[in-house]
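A short worksheet on the structure shown next.
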Number of protein chains: 2
Amino acid sequence: MKTASEKVVHRLILYKKLLKNFQSKSVRNIFSHNLAEHASLNPAQIRRDLMLVGYDGSTVSGYNVNDLLFCIEKFLYPNEIQNVALIGLGNLGKSILDYCYGRHPIIAINAIFEKDPNKINRIICGTRCYHIDDLEIIVKKNSIKIAIIAISSSVTETIAKRLIECGVKSIINYSNACLSFPAEIYVENRDMMFAVEKAAFFSKKEKEI
Amino acid sequence: MKTASEKVVHRLILYKKLLKNFQSKSVRNIFSHNLAEHASLNPAQIRRDLMLVGYDGSTVSGYNVNDLLFCIEKFLYPNEIQNVALIGLGNLGKSILDYCYGRHPIIAINAIFEKDPNKINRIICGTRCYHIDDLEIIVKKNSIKIAIIAISSSVTETIAKRLIECGVKSIINYSNACLSFPAEIYVENRDMMFAVEKAAFFSKKEKEI
DNA sequence: ACATGTGAAAGTTTTCACAGCG
DNA sequence: CGCTGTGAAAACTTTCACATGT
């Protein structure tokens, strides 16, 4: 099967988002240079990326927005519904829940885990909050393959191990901990300080001559 | 001056984090393969990255943790204190504030902007919350060059324009909006749905044969 | 004309592999 | 020895440029 690098997948998700915008503005057709402008990319790159999803544009009217969207989604989305576990319902957990709620037709947060007794068994954004001790049962029962870790770093490693133990294949880690795992697990470390430090580094950059 | 790509900068920040961990465990010296293991990278890459920061290890004892840290920090950090503006004090804004608080010796969130009157003039994590109308005054007064946008998408574009107008050079955008700006502005779009969609895509991936 | 799809070139990043050193 | 620093190769990514189609 065709492989796609993380970069290409990222851009395809971006095109999907841009196309949805165009769709909502009733734009019917679009050219690679239109997408390129909005994505700050080279048109050739967009054409090359789109080769992957198997939809051919027309040299006259470019790409049909609806059809292209359909093909990108078909390429990106898994066949069945993807359940996601959220670990931690602090400020960050709440904002993630809120942000993801109703955003995606196939992927949805399906279970929240906490240790705070006040939060357990409450339903927030349609999602039940379970005790962290029930992690294994619920993750297995719902065939959860994706987890978002939104807790502080001290227990992150243990939780991540438990998640993988019961079948999770991808982890998005917002905690401060650096997780390293077998290569077949997809780990995205999103320590928020990194973005700020990078921004600081590149804000020094003066204009080239 | 030596240029560093975003990728290299990202890894240097990672090394710094790992080195701080080693430092706190009183580890004195470290080899490239130790760092490589913790960062899930190739030792040669680490050695090459470290060439940039101008600190030479010893073939016998590898790198001195303190000295290397010092050199990486010198390379990464700006000369003066970097003030950061946070736009939006919802759940996400609060979690970012909390997360960054006291984390960094040089970079700190220095001003929060909101439109909710209940939040204005309160001080959270040592940081004052201002009315969004005072953006220009405060950003200029504090020479703020970095902004974190943690509000919903509808007003993001306008706010980003205003920020750039008054001197901001780097923007970290957590909203749903796709911002595109002149090349000299560093923009990091961190739509949280992207991470989840990527995770979903790559969790499909089966083990290679 | 003008836009697509794509072979080939250019550019970037990663890894190999080895000289050289304590 | 077993490490570092690094030239050179390999791998990957982006861009150019053009044949082709309407």
Side-chain angles (χ1 to χ4, degrees), chain A residues 1-15 18-19 22 27-69 71-72 75 180 183 198 201-202 205 208, chain B residues 2-15 18-19 22 27-69 71-72 75 180 183 198 202 205 208:
Chain A
M1 188 247 191
K2 52 214 168 195
T3 60
S5 72
E6 205 182 315
K7 286 185 153 197
V8 176
V9 171
H10 188 97
R11 286 194 302 261
L12 288 171
I13 296 168
L14 176 60
Y15 305 155
L18 294 170
L19 287 166
F22 283 113
V27 176
R28 289 291 188 79
N29 292 286
I30 201 156
F31 296 116
S32 62
H33 64 259
N34 302 132
L35 279 171
E37 198 191 334
H38 286 263
S40 304
L41 293 169
N42 181 301
Q45 175 148 78
I46 286 172
R47 295 201 299 275
R48 191 168 291 279
D49 289 341
L50 294 185
M51 284 171 68
L52 257 185
V53 306
Y55 169 67
D56 276 11
S58 131
T59 62
V60 171
S61 51
Y63 304 97
N64 176 288
V65 172
N66 293 340
D67 294 352
L68 180 53
L69 247 176
C71 284
I72 294 179
F75 179 85
S180 58
K198 275 200 263 181
F201 183 85
F202 289 108
K205 187 182 68 178
E208 11 272 86
Chain B
K2 53 215 166 193
T3 60
S5 72
E6 205 183 315
K7 286 184 154 198
V8 176
V9 172
H10 187 98
R11 286 194 302 264
L12 287 172
I13 297 169
L14 176 60
Y15 304 155
L18 293 171
L19 287 165
F22 283 113
V27 177
R28 289 291 188 79
N29 292 286
I30 201 156
F31 296 114
S32 62
H33 65 258
N34 301 132
L35 279 171
E37 198 191 334
H38 286 262
S40 304
L41 293 169
N42 181 301
Q45 175 148 78
I46 286 171
R47 296 201 298 276
R48 192 168 291 277
D49 289 341
L50 293 185
M51 284 171 68
L52 256 184
V53 307
Y55 169 66
D56 277 11
S58 130
T59 62
V60 171
S61 51
Y63 304 98
N64 176 287
V65 172
N66 293 339
D67 294 352
L68 180 53
L69 246 176
C71 284
I72 293 179
F75 179 86
S180 58
K198 275 200 262 181
F202 289 108
K205 188 182 69 177
E208 10 272 87

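These numbers come from a predicted model, not from an experiment. So you know, we letter chains A, B, ... as the sequences are listed, proteins then strands, and number each from 1.
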Starting from P on C/dA3, measure out to CD on A/E37 and report it in whole angstrom.
13 Å
If I take atom CG in residue A/L52 and atom P in nucleotide C/dT6, what distance separates them, rounded to the nearest angstrom?
11 Å
For a quick check, tell me whether the side chain of B/R48 and the base of C/dT15 share a donor-acceptor pair closer than 3.5 Å.
yes
Whole-Å distance separating the CG atom of B/L41 from the C1' atom of C/dT14:
10 Å
Looking for any heavy atom pair under 4.0 Å, which part of the strands does A/S32 touch: base, sugar-phosphate only, or nothing?
sugar-phosphate
Given D/dT4, C/dT14, D/dT14, the nucleotide with the shortest approach to the side chain of B/K7:
C/dT14
Can you list the steps and then say if B/F75 with A/F201 is a ring pair (Phe, Tyr, Trp, His ring centres under 6.0 Å)?
CA-CA 9 Å; B/F75 179 86; A/F201 183 85; 5.7 Å; yes
Tell me: NE2 of B/H33 to P of D/dC1, nearest whole Å?
17 Å
Select one nucleotide: of C/dT4, D/dG5, C/dT15, the one nearest the side-chain heavy atoms of B/Q45.
C/dT15
Listed nucleotide nearest any side-chain atom of B/F31, set D/dT6, D/dA17, D/dC3:
D/dC3
Nucleotide nearest B/D56 (side chain, heavy atoms from C-beta), chosen from C/dG20, D/dG5, C/dA17
D/dG5
Residues A/Y15 and A/D49: side-chain donor-acceptor under 3.5 angstrom
yes
Between A/Y63 and C/dG5, is there a contact of a side-chain N or O with OP1 or OP2 at under 4.0 Å?
yes
How many whole angstroms separate atom CG of A/D49 from atom P of D/dT13?
11 Å
If I take atom CE in residue A/M51 and atom P in nucleotide C/dA8, what distance separates them, rounded to the nearest angstrom?
13 Å
Would you give the length of the straight line joining atom OG of A/S180 to atom CG of B/L18, rounded to the nearest 0.5 angstrom?
9.0 Å
By nearest-nucleotide position on DNA chain D, the 5'-leaning member of A/R47 and A/E6 is A/E6
Need one value for B/S61: base, sugar-phosphate or nothing, where a base atom within 4.0 Å counts as base even if backbone is also close, heavy atoms only.
nothing
Quick one: are B/I13 and A/K198 in side-chain contact, heavy atoms under 4.5 Å?
yes
Would you say B/L50 and B/I46 make side-chain contact, with heavy atoms under 4.5 Å?
yes
Residue-phosphate contact under 4.0 Å: B/R11 side-chain N/O, C/dT13 OP1/OP2:
no
Does A/S5 have a side-chain nitrogen or oxygen under 4.0 Å from the phosphate oxygens OP1 or OP2 of D/dT13?
yes
d(CG, A/L50; C1', C/dA3) in whole Å:
13 Å
Ranking B/V60 and B/N42 by the position along DNA chain C of their nearest nucleotide, the one closer to 5' is B/N42
